[in-house]
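Remarks on the structure that follows.
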2 protein chains.
Amino acid sequence: MNIYDVAKQAGVGIGTVSRVLNGSAKVKPETRERVQAAINQLDYVPHGAARSLGSGRSHVLGLVVPFFTRPFFIEVLRGVEMAATAHGYEMVLYNVETTTQRDHYLRQLPMRRRVDGLLVVSLFCDESEAERFRKMNLPVVLVDSYNPLLTSLVVDNISGARQAVEYLISLGHRQIGFVNGVKVGSFNFNKADDRMSGYRQALANSDIPYNPEWVSATEWTRAGGREGARQLLLLPQRPTAIFAASDVQALGVMEQAQAQGLRVPQDLCIIGFDNIELAELLNLTTVAQPMHEMGKQAVERLLAEIECPQPPQTVMMDVTLVHRSTTAPLAAPNVSAFSTASVRDGVWATQQNIITEG
Amino acid sequence: MNIYDVAKQAGVGIGTVSRVLNGSAKVKPETRERVQAAINQLDYVPHGAARSLGSGRSHVLGLVVPFFTRPFFIEVLRGVEMAATAHGYEMVLYNVETTTQRDHYLRQLPMRRRVDGLLVVSLFCDESEAERFRKMNLPVVLVDSYNPLLTSLVVDNISGARQAVEYLISLGHRQIGFVNGVKVGSFNFNKADDRMSGYRQALANSDIPYNPEWVSATEWTRAGGREGARQLLLLPQRPTAIFAASDVQALGVMEQAQAQGLRVPQDLCIIGFDNIELAELLNLTTVAQPMHEMGKQAVERLLAEIECPQPPQTVMMDVTLVHRSTTAPLAAPNVSAFSTASVRDGVWATQQNIITEG
DNA sequence: AGATGAAATGGAAGGGCTTCCATTATTATA
DNA sequence: TATAATAATGGAAGCCCTTCCATTTCATCT
């Protein structure tokens, strides 16, 4: 069952069938109908690989993403999936969990020419790799990562962090901790730097001195957040608010606060970063990234680039602070001093509001 | 840059290069080395589409999955991804959110012959579709779904539900509610039936009469769980424990309980189903499905089938009850009557233990 | 009717691999 | 050393499309 069968059935040449399949204009309507009928009758579906080989187009997008099960990536993924499907593209997933894997994919994929374009999420991409993409003529869009040679969609991490901390300051906080994430090898988790900048900017803008003791860098995980919070909260002079570099870490902070008998937000305010689903669930104040939108835009820019080469562009995505219940005006010192009484049951004060929101 | 270039560089014929690429045995070690050297020198990577076309193998697995962002599917996905990668297969994702999409994929994919095999997760697959797969010679494995003509990996939903309810009974509960999920179109969400059977079996085994008032069927979502719980909990004679058909629904139940000032587990015990990450987080007692393992097994069986046709088999995956803190022995009635006092702060008693676990 | 240009069509060539058969090199055996 | 058996190799054919050029058909104009 191939294109010749269809041609015979319809009484036309294979060229005509191909033109019908690809919707090119130069087919007489009547002929088109005849071909279409044959296609339906034979239940014919063109052979993907042959098509790719013939045309040099696969209609497949590659998606290189680290730890795709993490909420942030899932959300981006979803945006990508929707946009890709909408444009008739398939999506193949390359999950990266080690540096070796990263290198492997970034090196082999361009040449295998199986994908029409590559979306690289949150992974650092060096000059030589970018150069190689160009040379291989493989369109690439970076999401949550930056390289001057490639179209990059980045989130305004500096501004996001600044907004978060400024908000805490506006609530009266002066002792503001920061549980940052660590940079990990060639993963582009060095948004850490930017978030740090934002943190310091906000402090500086309000003439609050920077206290390195109130900053820790941990894994981007729940355990990491817990550990980071412990460091800060056991200090003789502890922060009254903590900004965490991710929601997942913020969750760890909440756990640690609870373990130490601190009520949130009365005794400790917390702000996260990302706005993953869990944040809404726990009523966590956080900096929202437009993850879905990023995925979508990334696909659209990539498709544009596939259509015809575009100059590399850097798109800054806006970030917004979502006010929920892990933040509140700084309580008067004497009040916050008491209040370990009701912790008996393991209170997350924040959760009171869950119901009202849904 | 193609196989001819490599052949020339190595001073051999293309057949030999091909043999080296595919690791077939009949190449003199010395020759193999020479070819390998040429490959490295030229940075040659074989063209995927051409390879598929020539061999009829794509080394790509299709994964048809509904709502892939839901935790259950993500976990399965992860198992699939790991196993596929381990065996040198790529994975393309077909997300299904509507019946139309489902039909589209299940009908078109087999013929496009782009994938070597198909994994279908949680989607109902009727006789005619299964028949078509056979006829098209496309290996298919069903995960969390069943069809006699296809290899199916199913979870023992009946036993899982039974275990959950039996456990509640062993704790002294006699008024046990069930927040079930609704069946949705051609999605295979009719595990609902099985979980219902398990529920009733457990009751019957202990001679507890079945009370339809204590059962509700809702969406498989948080909101659904909340709604279902409301129905049950506002009854004049309310259940003292609720079994939910999924963790996500169980979460809704917890929210509703809290909204009504019921402490968990003192006033209301809750058991979920799935054991998604969130369950651990919230210390939810639940029936654990080996999601990861299912993904892995599915891939392995699929690959076996690709290697050589296998008779369809139905594999029943075991399920285990994970005891956490949303369950406790039924309190004496007078005790549970008081206890709306400390709810002021929105208590989820369960969360006390989070720290101890991680 | 004949000429002209445009529109529609047919099909050869080509894309890069695998496969398989024919051929050549190597080894074992007498 | 001759011969048979075996191992290794080369390359034509084939996989199923797309593309493009040559050819045919059609409509229009003189």
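In what follows, chains carry the letters A, B, and so on, assigned in the order in which the sequence lines appear, proteins first and then strands, with residues in each chain numbered from 1. This structure is a prediction, so every number in the text was calculated from the model and none was measured.
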On the nucleotide C:dT9, are OP1 or OP2 found under 4.0 Å from the side-chain N or O atoms that A:Thr31 carries? yes
Using the ring-ring contact (aromatic ring centres under 6.0 Å, His included) criterion, which residues pair with A:Tyr94? Sequence neighbours excluded. A:Tyr105
Establish, with yes or no, whether the OP1 or OP2 oxygen of D:dC16 is under 4.0 angstrom from a side-chain nitrogen or oxygen of A:Tyr44. no
A:Asp116 side-chain N/O to A:Leu61 backbone N/O, donor-acceptor pair under 3.5 Å: no
Does B:Leu53 or B:Lys28 map to a spot on DNA chain D nearer the 5' end, using the closest nucleotide for each? B:Lys28
Identify whether any heavy atom of B:Ser52 sits under 4.0 Å from a base atom; if not, whether one sits that close to sugar-phosphate; answer base, sugar-phosphate or nothing. nothing
Examine D:dA12: is either OP1 or OP2 under 4.0 Å from a nitrogen or oxygen in the side chain of B:Tyr4? Give yes or no. no
Touch check for B:Arg19, heavy atoms < 4.0 angstrom, all strands: base, sugar-phosphate only, or nothing? base
So, are B:Arg132 and A:Asp43 salt-bridged, with charged N and O less than 4.0 Å apart? yes
Contacts of type ring-ring contact (aromatic ring centres under 6.0 Å, His included), residue A:Phe68, not counting sequence neighbours: none
Taking side chain to side chain contact (heavy atoms under 4.5 Å, CB included) as the definition, give me every residue that meets it alongside B:Gln41, ordered by chain and number, with sequence neighbours left out. B:Gln9
With axes from five pairs an end, tell me the bend angle of the helix from C:dA1-D:dT30 to C:dA30-D:dT1, nearest 10°. 40°
In terms of side-chain heavy atoms, does B:Asp126 have a donor or acceptor partner in B:Ser128 at a distance below 3.5 Å? yes
Identify whether any heavy atom of A:Ser55 sits under 4.0 Å from a base atom; if not, whether one sits that close to sugar-phosphate; answer base, sugar-phosphate or nothing. sugar-phosphate
Tell me which residues in residues 6-16 of chain B put a heavy atom below 4.0 Å from DNA chain D, sorted by number, or none. B:Gly11, B:Val12, B:Gly13, B:Ile14, B:Gly15, B:Thr16
Residues forming a side chain to side chain contact (heavy atoms under 4.5 Å, CB included) with B:Glu307, sequence neighbours excluded: B:Arg57
State whether the side chain of A:Ser52 and the backbone N or O of A:Gly48 hold a donor-acceptor pair below 3.5 Å, judged by distance alone. yes
